[in-house]
Student: 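Have a look at this one before I ask anything.
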Amino acid sequence: MPDPTLVFDYLCARFGVDLDFSDERGMTTTEVAVITFLLVGAAIVVLGIIYTAAKGNADNIPTPEQPAG
C-alpha cells in the first residue's frame, strides 16, 4: 500500500500546488471572521427588506365586505 503522504506529495507536484502549512499566506482567522460578519449583516438587511415588502403587501390586501342582504 502506498504511503498517503507520498500520494499527496505526488498529486501536489502533478497539479503544481505548493502547500506549505508553515507559512501564513492565505486567509487568516480574522479575515474569515470579518467576511462572516459582513455576510451576516448583508443577510439581515436583505431579510429586513423582504419582511417590509411582505408586510406592506399583506397590509394592502382589501378586507372583504359582507354582501348586503
Side-chain angles (χ1 to χ4, degrees):
M1 179 171 183
D3 184 18
T5 58
L6 183 62
V7 173
F8 182 75
D9 290 341
Y10 170 76
L11 291 173
C12 286
R14 179 76 176 158
F15 294 110
V17 177
D18 184 21
L19 295 177
D20 185 10
F21 297 107
S22 62
D23 69 3
E24 295 184 0
R25 291 184 296 174
M27 294 184 73
T28 62
T29 304
T30 305
E31 292 169 336
V32 172
V34 169
I35 290 172
T36 302
F37 175 76
L38 293 175
L39 290 176
V40 168
I44 289 172
V45 169
V46 169
L47 181 65
I49 292 170
I50 291 172
Y51 176 78
T52 303
K55 184 163 176 54
N57 286 337
D59 290 341
N60 289 333
I61 295 175
T63 305
E65 295 182 16
Q66 187 174 13

Student: Taking side chain to side chain contact (heavy atoms under 4.5 Å, CB included) as the test, write out the residues that go with D3, two or more places apart.
Tutor: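 Expected list: T5, L6.
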Student: What residues join I61 in its hydrophobic cluster, counting side-chain heavy atom gaps under 4.5 Å, either direct or through other members?
Tutor: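 Result for I61 is none, singleton.
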Student: Do any side-chain atoms of residues 32-56 form donor-acceptor pairs under 3.5 angstrom with protein atoms, and if so which ones, sequence neighbours left out?
Tutor:
from : atom 1 : to  : atom 2 : distance (Å)
T36  : OG1    : V32 : O      : 2.7
T52  : OG1    : G48 : O      : 2.8

Student: Partners of F15 by side chain to side chain contact (heavy atoms under 4.5 Å, CB included), sequence neighbours excluded?
Tutor: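 Listed in chain order: L11, V17.
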Student: List in chain and number order the residues that pass side chain to side chain contact (heavy atoms under 4.5 Å, CB included) with T29, two or more places apart in sequence or in another chain; answer none if no residue qualifies.
Tutor: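 For T29, no residue satisfies side chain to side chain contact (heavy atoms under 4.5 Å, CB included) once neighbours in sequence are set aside.
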